[in-house]
Number of protein chains: 2
Amino acid sequence: MSKKPDIEKNESTEEKIKEAARAVFTRKGYAATRTRDIAEESGYNLALINYYFRSKEKLYDIIMLEHLQTFLHSIMDILNDADTTLFQKIEVLVGHYIDMLIKNPALPLFIINAVNADPDKLITGIGADKIHQENLVIVKQWKEVAAAKKLAIHPVHIMMNMVSLTIFPFMGSPLIRNRTKLSIEEFNALMLERKKLIPVWIKAILNAEV
Amino acid sequence: MSKKPDIEKNESTEEKIKEAARAVFTRKGYAATRTRDIAEESGYNLALINYYFRSKEKLYDIIMLEHLQTFLHSIMDILNDADTTLFQKIEVLVGHYIDMLIKNPALPLFIINAVNADPDKLITGIGADKIHQENLVIVKQWKEVAAAKKLAIHPVHIMMNMVSLTIFPFMGSPLIRNRTKLSIEEFNALMLERKKLIPVWIKAILNAEV
DNA sequence: GTCTATATACGGATAGAC
DNA sequence: GTCTATCCGTATATAGAC
């Protein structure tokens with residue numbers, strides 16, 4: 001056996017601080033979190049934050065990029081899958097995001113605020129160039145469908161609809177839950193329903209008379 | 001004529017500071033704005049902020065409540081209008097909000113962040129009690145439609161859909177505009193299209209086979 | 001690596017001159 | 001009412017002991 005201690009399951013101090021930072025930054029945003037909050041949440045001393053991460057901002061950047069990665073993870077594979085139809089992609093995409101958002105409901109607000117605070121930083125970090133490729137499989141498939149249906153509406157409407165219907169309820173959940181008196185479990189159950197519903201609705205929207 | 005000076009069109013110092021505060025708070029949020037930013041934006045000195053508003057937080061509260069009022073202004077009248085049908089209400093509501101959001105696109109993010117930072121403060125300030133009344137005209141109308149259509153889906157889905165489709169694109173606009181290379185004018189034109197489209201889509205959703 | 005103590009900077013607020 | 005100068009708490013960051 002190696003010399004690694006059998007308390008190996010405990011993460012390193014560095015990792016614990018990062019987790020604490022993720023928790024606090026995600027909840028309160030950059031400006032409102034104090035390094036002291038992170039230290040307290042981690043169980044370690046304030047000085048260790050700088051020892052491991054040099055500065056609050058560097059630590060924040062790490063968390064931000066990780067969140068971005070979580071948010072975009074595997075989406076390119078879905079968008080570029082030659083073996084699925086457009087509507088299958090929509091189903092997979094919506095399902096993927098709802099599962100992810102139930103685990104991580106604060107993510108969209110965090111990311112939108114980050115983009116708002118410093119658009120360039122995020123948008124370049126996004127690897128966004130790749131995403132806008134005109135030769136993504138989904139874009140080609142979309143063009144075929146649009147041509148077949150002789151759609152008069154701008155394609156970004158459909159994209160916005162899909163994203164809006166999927167993501168917004170999570171951003172509004174504090175207000176929605178307060179107004180509706182739904183528990184978190186009931187709310188999440190509704191979100192899971194939307195995995196089936198949103199693709200159906202998107203189809204209905206595409207077929208709607210305008 | 002009165003003794004008022006003919007430079008009357010210039011607002012008072014107090015009002016100018018409030019406008020500056022509105023601009024900065026709305027753009028950067030509470031924690032990230034410094035009173036010095038507001039002073040600079042207003043053209044006046046830092047000390048005057050405290051002279052007129054006592055503290056950063058009191059000034060923020062004023063801005064926040066004004067924004068909330070803008071956001072909810074006249075919505076109760078629409079919701080409670082006995083002379084319009086349910087779908088007319090949806091049309092009016094969506095149109096009202098899109099017009100308002102084109103003028104004030106940063107509002108939803110500001111409000112959601114405010115709710116997030118301090119749920120109780122906002123939710124009580126909202127006069128939220130009134131909004132949840134079961135005897136609003138729109139609620140009654142909704143129940144009739146739901147009964148007639150024997151809808152299997154939870155009514156909050158429909159509410160979430162309407163709000164999501166209307167509001168989210170504005171919150172995501174920095175990212176959307178970057179990805180699509182749309183100008184602000186083009187983006188706003190799309191939003192205006194949605195005044196007609198969203199009600200149609202809501203109907204389509206209501207009639208969709210599930 | 002982890003702590004305590006401290007340097008240094010920044011931001012909100014006020015005193016006091018004009 | 002408006003300004004300059006300054007106070008003082010708080011937050012980030014670092015020095016240095018263990």
Side-chain angles (χ1 to χ4, degrees), chain A residues 2-65 110 113-114 117-118 121, chain B residues 2-65 110 113-114 117-118 121:
Chain A
S2 80
K3 62 188 172 186
K4 286 187 179 178
D6 51 14
I7 48 167
E8 174 64 356
K9 63 174 159 55
N10 297 338
E11 318 108 303
S12 65
T13 301
E14 181 171 355
E15 190 55 36
K16 279 188 194 148
I17 291 175
K18 210 160 84 174
E19 275 179 28
R22 179 160 39 239
V24 183
F25 277 137
T26 306
R27 177 158 23 97
K28 311 211 293 183
Y30 178 76
T33 88
R34 303 170 309 152
T35 51
R36 283 167 165 77
D37 299 333
I38 297 172
E40 199 179 338
E41 174 97 12
S42 74
Y44 288 100
N45 188 276
L46 201 164
L48 285 189
I49 292 174
N50 285 22
Y51 174 77
Y52 282 110
F53 298 97
R54 290 294 294 171
S55 77
K56 176 188 174 183
E57 194 177 0
K58 285 193 173 61
L59 177 50
Y60 174 78
D61 285 345
I62 291 171
I63 301 302
M64 199 188 63
L65 290 174
F110 179 92
N113 278 324
D118 190 345
K121 197 176 197 173
Chain B
S2 80
K3 62 190 173 185
K4 286 187 177 176
D6 50 15
I7 47 167
E8 174 65 354
K9 63 172 158 51
N10 297 337
E11 319 108 302
S12 66
T13 300
E14 181 171 354
E15 190 56 35
K16 279 188 193 148
I17 291 175
K18 212 160 84 176
E19 275 178 28
R22 180 162 36 240
V24 183
F25 277 138
T26 306
R27 177 158 23 95
K28 312 211 292 184
Y30 178 77
T33 89
R34 304 170 308 151
T35 52
R36 283 166 168 78
D37 299 333
I38 297 172
E40 199 179 339
E41 174 97 12
S42 75
Y44 288 100
N45 188 275
L46 200 164
L48 285 187
I49 292 174
N50 285 18
Y51 175 77
Y52 282 110
F53 299 98
R54 292 293 297 170
S55 78
K56 177 188 176 185
E57 194 178 358
K58 284 191 173 60
L59 177 51
Y60 174 79
D61 284 345
I62 291 171
I63 301 302
M64 197 188 66
L65 290 174
F110 178 93
N113 278 323
D118 189 345
K121 197 175 195 174

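Below, chains carry the letters A, B, ... as their sequence lines are ordered, and counting in each starts from 1. Values below: all heavy atoms of this structure, side chains included; hydrogens, waters and symmetry mates excluded.
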My understanding is that only residues two or more places apart in sequence, or in another chain, count here; which of them pass salt bridge (charged side-chain N to carboxylate O under 4.0 Å, His left out) with [X]?
X	value
Arg54(B)	none
Lys58(B)	none
Asp61(B)	Lys121(B)

Touch class at under 4.0 angstrom, heavy-atom based, for Phe53(A) against every strand present: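 Answer is nothing: Phe53(A) stays at 4.0 Å or more from every strand.
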
Contact list for DNA chain C against residues 17-28 of chain A - heavy-atom distance below 4.0 Å: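 Nucleic-acid contacts, sorted: none.
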
Salt bridge (charged side-chain N to carboxylate O under 4.0 Å, His left out) partners of residues 40-53 of chain B, not counting sequence neighbours, each pair once: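 Those involving residues 40-53 of chain B are Arg27(B)-Glu41(B).
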
Contacts of type ring-ring contact (aromatic ring centres under 6.0 Å, His included), residue Tyr60(B), not counting sequence neighbours: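 Here the qualifying residues are Phe25(B), Tyr30(B), Phe110(B).
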
Nearest-Å distance for atom pair CD/P, residues Glu14(A) and dT2(C):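 Checked: the CD to P distance equals 10 Å.
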
Interatomic distance, Ile38(A) CD1 vs dA13(D) P [rounded to whole Å]: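 Value for this atom pair: 10 Å.
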
Short side-chain to backbone donor-acceptor contact, Asp37(B) and Arg34(B), under 3.5 Å: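 The answer is yes, because a donor-acceptor pair under 3.5 Å joins these two groups.
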
Summary of protein contacts for nucleotides 11-18 of chain C, nucleotide by nucleotide, where a base hit scores B, a sugar-phosphate-only hit scores S (4.0 Å, heavy atoms): BBBBB---

Distance below 4.0 Å between Tyr44(A) side-chain N/O and dC3(C) OP1 or OP2: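 No.
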
Residues that Thr13(B) engages under side chain to side chain donor-acceptor pair (under 3.5 Å), provided they are two or more places apart: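 For Thr13(B) the side chain to side chain donor-acceptor pair (under 3.5 Å) partners, ignoring immediate neighbours, are Tyr44(B).
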
Partners passing side chain to side chain donor-acceptor pair (under 3.5 Å) against Lys56(B) (at least two apart in sequence or in another chain):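 Not a single residue meets the side chain to side chain donor-acceptor pair (under 3.5 Å) criterion with Lys56(B).
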
